[in-house]
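Below is one structure, written out as structure tokens, with a few remarks after it.
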Amino acid sequence: MQEWMLVIVDKVKLEARRDKATYLDHWEWWDWVAPDEESMAEALEELTSEFPEMQYWLRKIPAVESNYLSVRFMNGTEPVIFGSLLYAVKNERDDQRKDNQMFFYVDQERLVTLNVDDNTRGIMNTGERAAMLQQCNEARDGMFVLFRAILHYYHVGMDQFEMNLRDLERTMESRNARTLMDQILAARFELLYWSNLFIPYSELMAAAREAYLDELKENRFFQQLQHRIERMERLFKHYEKEIDTLISIDNAISGVRGNEIMKTLTLVTSVFTPATAAGAIWGMNFENLPWIDKTWGVVLVLVLIIISMVGMYVWMMMKGWTGDLLKVKSSQPSGKETEKRGIGKRRQ
């Protein structure tokens, strides 16, 4: 197999290649890349000629555009796992993610992959992964190592997601603007994207148990993949609860603010009701309105309006309906208040 180097790519590279590696003289990894329809047709034809037992899988490749997984027992006893995997290539230096689809086939002696991206291939050639591949006794172990390496992108995606979520939480704590719900929903869809890509891993673990049964109990590579999958599952559950909490907080704040606005409008409307009524009555086009022909009539009417408004407000305040609606409070304590609280705590 050609010598590989780990590189950080700006896009998913798929260049035609035919690589083959043998490990411990027990199993082989056929790593082929067919970036276009013409090269894919040639690759499928060559693989069908080389491995007639794979033709069922090879015939399905051109029609598969999503995740696909199947477990078969070709001779009734030896298990075979094949299918396709959609995953996102994401690294620490790039905020963008790039989607890629690879196809794989694994039996006891061979691991065949089609269209693994160059970045993943470089990761598999690092000292850690290369040493692990050299320790694999069967092709299925190599598959577990490969899939565990691809899970690295999910961890990178979740790390970036967590940073963005923390920024959103700090913004929500300091100022709950109207656009925050849009940002929360965007985070929810981002998490949904990664969660959907992660589903095939749970299916893969179930398929591996179906195929290899008790043989996996002492399989180190399978257990390592299983533990990393469990880590990702816990992350997804935690972030789902966290986003649901943010949505609940935003809904609660919006509800409280809406109630305060309605109460304030009701209070203002009630206080100005006497003025509205007086203006409606003394604004009529009648000649015999009270005090309309008196020089002190306007002053008297204004005094009555003011007394009525004050009386209405005092009555509502005695009922306890005004509360703090007309008081504006800062969302953050002032420096003096914080200092006083700190002094008080130190004295206790």
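FYI, side chains are in, hydrogens and waters are out, and symmetry mates aren't considered; it's all heavy atoms of this structure. Small disclaimer: the values here were computed from a predicted structure and weren't measured.
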**OP:** Take atom CZ of Phe73 as the centre, draw a 6.0 Å sphere, and report whether it contains more than 12 heavy atoms from other residues, nucleotides or ligands.
**Re:** yes
Original post:
With respect to Gln224, which candidate in His227, Arg228, Arg220 satisfies the side chain to side chain contact (heavy atoms under 4.5 Å, CB included) definition?
Top reply: Arg220
**OP:** Start with the C-alpha distance between Arg166 and Glu169, add both sets of side-chain angles, then the distance that settles salt bridge (charged side-chain N to carboxylate O under 4.0 Å, His left out), and finish with yes or no.
**Re:** CA-CA 5 Å; Arg166 296 295 169 261; Glu169 290 173 352; 3.3 Å; yes
Subject >> Remaining members of hydrophobic cluster (4.5 Å side-chain criterion), Ile307 >> reply: Val299, Val303
**OP:** Look at Arg170 together with Asp167 and state whether they make a salt bridge at an N to O cut-off of under 4.0 Å.
**Re:** yes
Subject >> Any Met124 side-chain heavy atom under 4.5 Å of Val145 side chain >> reply: yes
Subject >> Atom pair CE/CE of Met54 and Met74 - distance to nearest 0.5 Å >> reply: 9.5 Å
Subject >> Test item: Asn259 side-chain N/O and Gly255 main-chain N/O as donor-acceptor pair under 3.5 Å >> reply: yes
Original post:
Do Tyr153 and Thr120 have side-chain atoms, one donor and one acceptor, less than 3.5 Å apart?
Top reply: yes
Subject >> Joint hydrophobic cluster, Leu192 plus Phe198, side-chain heavy atoms closer than 4.5 Å >> reply: no
Original post:
Judged by modelled atom types alone, do Tyr212 and Asn219 share a side-chain donor-acceptor pair under 3.5 Å?
Top reply: no
**OP:** List the atom of Leu216, the atom of Ala208, and the distance in Å for their closest heavy-atom pair.
**Re:** CD1-O, 3.4 Å
**OP:** Would you indicate whether the side-chain heavy atoms of Glu190 and Asn164 approach each other to under 4.5 Å?
**Re:** no
**OP:** Give the ring-plane orientation class for Trp32 versus Trp30, where under 30° counts as parallel, over 60° as perpendicular and anything between as tilted.
**Re:** tilted
Original post:
Closest approach of Ala207 and Ile81, non-hydrogen atoms and distance?
Top reply: O-CD1, 4.1 Å
Original post:
Between the side chain of Trp194 and the main-chain N/O of Phe161, is any donor-acceptor distance below 3.5 Å?
Top reply: no
**OP:** Over all heavy atoms of both residues, which pair between Leu114 and Met40 is shortest? Give the atoms and the distance, please.
**Re:** CD1-SD, 4.2 Å
Original post:
Hey, is CD on Glu45 packed in by over 12 heavy atoms from elsewhere, all under 6.0 Å?
Top reply: no
Original post:
Would you say Ile247 and Ile249 are hydrophobically clustered, going by side-chain heavy atoms of ILVMFWY under 4.5 Å?
Top reply: yes
**OP:** Walk me through it: do Glu109 and Glu28 pass the test side chain to side chain contact (heavy atoms under 4.5 Å, CB included)?
**Re:** CA-CA 6 Å; Glu109 300 176 352; Glu28 301 172 340; over 6 Å; no
Subject >> Gly157 backbone acceptor or donor facing Gln160 side chain under 3.5 Å >> reply: no
Original post:
Taking only residues two or more places apart in sequence or in another chain, which ones pass side chain to side chain contact (heavy atoms under 4.5 Å, CB included) with Gln183?
Top reply: Leu168, Thr179, Leu180
Original post:
If you measure from CD on Glu42 to CZ on Arg18, what distance do you get to the nearest 0.5 Å?
Top reply: 7.0 Å
Original post:
At their closest point, which heavy atom of Phe236 faces which heavy atom of Met158, and how far apart are they?
Top reply: CE2-SD, 3.8 Å
Original post:
Can you check whether Tyr87 reaches Asp117 side chain to side chain, under 4.5 Å on heavy atoms?
Top reply: yes
Original post:
Can you tell if the side chain of Ile229 reaches within under 4.5 Å of the side chain of Arg148, non-hydrogen atoms only?
Top reply: no
Original post:
So if you build clusters from Ile, Leu, Val, Met, Phe, Trp, Tyr with side-chain heavy-atom gaps below 4.5 Å, do Val80 and Val64 land together?
Top reply: yes
Original post:
Are side-chain heavy atoms of Arg59 and Thr48 found at a separation under 4.5 Å?
Top reply: no
**OP:** Please indicate whether Gln134 has more than 12 foreign heavy atoms, meaning atoms of other residues, nucleotides or ligands, lying under 6.0 Å from its CD.
**Re:** yes
Subject >> Chi angles and distances behind the side chain to side chain contact (heavy atoms under 4.5 Å, CB included) call for Leu58, Phe103 >> reply: CA-CA 9 Å; Leu58 297 172; Phe103 306 91; over 6 Å; no
Original post:
Under 3.5 Å, side chain of Thr126 to main-chain N/O of Ile123, donor-acceptor pair present?
Top reply: yes
Original post:
Ile199, Tyr68: one ILVMFWY side-chain cluster at the under-4.5 Å cut-off?
Top reply: no
Subject >> Donor-acceptor pair, side chain of Tyr154 and main chain of Leu197, under 3.5 angstrom >> reply: yes
Original post:
When you look at Asn125 and Arg129, which way does the side chain to side chain contact (heavy atoms under 4.5 Å, CB included) test go after all the steps?
Top reply: CA-CA 6 Å; Asn125 196 51; Arg129 295 322 197 289; over 6 Å; no
Subject >> Residue pair Glu65, Leu86: steps toward the side chain to side chain contact (heavy atoms under 4.5 Å, CB included) verdict >> reply: CA-CA 9 Å; Glu65 298 180 355; Leu86 290 173; over 6 Å; no
**OP:** Classify the angle between the aromatic ring planes of Tyr105 and Trp57 as parallel (below 30°), tilted (30 to 60°) or perpendicular (above 60°).
**Re:** tilted
Subject >> Interatomic spacing from OG in Ser84 to CD in Gln101 - rounded to 0.5 Å >> reply: 4.5 Å
Original post:
With Phe144, which of Phe221, Tyr201, Phe222 fulfils ring pair (Phe, Tyr, Trp, His ring centres under 6.0 Å)?
Top reply: Phe222
**OP:** Treating Ile, Leu, Val, Met, Phe, Trp and Tyr as nodes and any side-chain heavy-atom pair under 4.5 angstrom as an edge, say whether Val310 and Val268 lie in one connected cluster.
**Re:** no
Original post:
At their closest point, which heavy atom of Asn115 faces which heavy atom of Met102, and how far apart are they?
Top reply: O-CB, 3.7 Å
Subject >> Test: Arg110 and Glu53 ion pair at under 4.0 Å >> reply: yes
Subject >> Crowding at OH, Tyr193 (>12 non-hydrogen neighbours, <6.0 Å) >> reply: yes
Original post:
Is Ser195 reaching over with its side chain to a backbone N or O of Leu191, donor-acceptor style, under 3.5 angstrom?
Top reply: no
